[in-house]
Amino acid sequence: MKKRIVLLPGDGIGKEVMNSAKEVLTAIAEEYNHSFSFETHEIGGAAIDQYGTPLPETTVDACKQADAVLLGAVGGPKWDNNPSHLRPERGLLGIRKALDLYANLRPIKGFKNLLPASPLKEEVVSGSDLLIVRELTGGIYFGSPSERRENGQVVVDTLSYTRQEIERIIDKAFQAAQGRRGRLTSVDKANVLESSKMWREIVEEKKAQYPDVAVEHLLVDAAAMKLITNPSHFDVIVTENMFGDILSDEASVLTGSLGMLPSASLNEAGVGLYEPVHGSAPDIAGKGIANPTAMILSAALMLRYSFGLEDEAKIIEDAVQSVLDAGYHTADLRIAGGFQVGTAEMTKLIVDYIRTVSASKCIASCYF
Ligand code: IPM
Ligand code: MN
């Protein structure tokens, strides 16, 4: 298979973990006879420094022409005091909008030997396996007006959705639930917000089309509590942009570290952008200690969702599991009796597993 992949490393540890993903994908291409070409472009703070804008046209054009996009992370203290339109985050929001990546899928599954690393009791997190479907191109992140008024005495942000924007993300979530355990929790704030009332109505309208999915509604505050008191209650959660942002960081504690969580952002054409849920972690950037797992698992999601390469996605996920099982972990994780390694070593362990196991598979299936 021949594919063009655009890499947007961005800022901070984004650059380091992107190198890891590229190494893993190169190993996959060699072992499974694919041809992946990589083209790197700037976004976020790096783009501000080089081009004076967080999202250069060249980056948008390259992404539009790619088969898939991998993104590291954006942001850092250097640009924190920039005006809104010159903040690195604008680049990220801009590319999501430009590619119409309305569906953000954030799978959260605890790795067994990381369960003791969670600040939650092991018996609470054990067995949790959920998917957050976050609406990504609407809501309060994009509503207009968003401005200061009356000499800075008044400030306004706008939470707006069209019916069609809500319908398409709800459909996506029902379909995801059909492919999993058939349970959908729609999260809103329908006791206060008009947008949430409409969201809830649309879920109610749609559920007749998906009789095999059991639906419940939960207010976002209650959902936040349930997520850490009884996470295995959940299968698929669907929610609007900002609620999904907050709940997915919260859900990451189930896995022991934000450094483990990948995400996929898809549009109607199925073109995807894949990025870790974590940010650019400026405090540890450049030290070679960042956990590359979330980025590597994001590359696995790319292989699965954009290219339909299930075996290749699976071997990456197995590699991560096996390296953790052997006790290796980065500084953000604790494994009792384990071995702490840096970004490069963690990546090498994952690549070595892929090369060894895919080679032995080939011996089994190609020669005997
Ligand atoms: C995320 C991030 C972004 C978001 C920021 C960096 C704009 O927190 O992808 O979750 O809020 O969407
Ligand atoms: Mn976030």
Side-chain angles (χ1 to χ4, degrees), residues 8-15 17-18 42-48 53-55 59 63 69-108 130-143 146 157-159 161 165 169 187 220 223-224 227 237-255 257-267 272-283 285 290-291 294-295 297-298 301-302 332:
L8 307 177
D11 308 315
I13 62 166
K15 294 193 193 309
V17 297
M18 186 62 81
E42 301 299 346
I43 193 167
I48 295 172
T53 162
L55 186 62
T59 298
C63 291
V69 181
L70 282 183
L71 187 140
V74 298
K78 183 173 177 194
W79 309 282
D80 272 354
N81 297 322
N82 283 13
S84 307
H85 69 286
L86 286 179
R87 285 190 60 108
E89 292 77 6
R90 274 297 149 122
L92 181 55
L93 300 184
I95 195 68
R96 288 172 178 170
K97 197 72 173 174
L99 301 179
D100 197 23
L101 302 165
Y102 70 95
N104 184 222
L105 310 183
R106 299 186 159 184
I108 296 129
L130 59 112
L131 173 71
I132 296 184
V133 178
R134 170 187 176 194
E135 200 293 324
L136 202 61
T137 50
I140 201 161
Y141 273 48
F142 292 95
S146 170
D157 285 303
T158 304
L159 200 178
Y161 271 114
E165 281 176 317
I169 192 72
V187 171
V220 63
L227 204 47
I237 292 176
V238 63
T239 192
E240 68 90 42
N241 201 344
M242 188 163 73
F243 296 160
D245 178 45
I246 297 167
L247 292 182
S248 55
D249 267 34
E250 186 193 3
S252 77
V253 300
L254 304 172
T255 67
S257 169
L258 195 50
M260 301 300 296
L261 285 197
S263 90
S265 307
L266 306 172
N267 64 17
L273 179 147
Y274 300 84
E275 56 173 317
V277 173
H278 65 68
S280 60
D283 51 328
N291 184 353
M295 186 76 243
L297 291 175
S298 299
L301 292 184
M302 173 186 80
D332 53 318

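Residues: numbered from 1 along the sequence shown. Whatever order the structure lists them in is the order used to number ligands and atoms, beginning at 1.
- Looking at E275 next to ligand 1, no N or O pair under 3.5 Å apart turns up.
- At least one donor-acceptor pair under 3.5 Å links the side chain of T239 to the backbone N or O of V187.
- Looking at R134 against ligand 1, only its side chain comes within 4.0 Å, counting heavy atoms.
- The protein atom (non-hydrogen) at minimum distance from atom 2 (C) of ligand 1 is D245 OD1, 4.0 Å.
- The shortest side-chain heavy-atom distance between L159 and M242 does not fall under the 4.5 Å cut-off.
- Within the 3.5 Å criterion, the main-chain N or O of L99 finds a donor-acceptor partner in the side chain of N267.
- Here the OG atom belonging to S280 is positioned 6.0 Å from the CG atom belonging to D11, to the nearest 0.5 angstrom.
- For the Mn ion (ligand 2), the set of protein N/O/S atoms nearer than 2.8 Å consists of D245 OD1, ordered by chain and number.
- The ligand atoms of ligand 1 that sit less than 4.0 angstrom from a heavy atom of R96 are 1 (C), 4 (C), 9 (O), 12 (O).
- With a 4.0 Å heavy-atom cut-off, ligand 1 is reached by no atom of R90.
- Note: L92 CG to S265 OG = 8.0 Å, rounded to the nearest 0.5 Å.
- The ligand atoms of ligand 1 that sit less than 4.0 angstrom from a heavy atom of R106 are 1 (C), 9 (O), 10 (O).
- Counting heavy atoms from C-beta on, the side chains of M295 and L70 come closer than 4.5 Å.
- At least one donor-acceptor pair closer than 3.5 Å links the side chain of E135 to the backbone N or O of T137.
- T59 places a side-chain N or O within donor-acceptor distance of the main-chain N or O of E42, the cut-off being under 3.5 Å.
- With ligand atoms numbered from 1 in the order given, ligand 1 contributes 4 (C), 11 (O), 12 (O) to contacts under 4.0 Å with heavy atoms of Y141.
- For the pair R87 (side chain) and D80 (backbone), a donor-acceptor distance under 3.5 Å is present.
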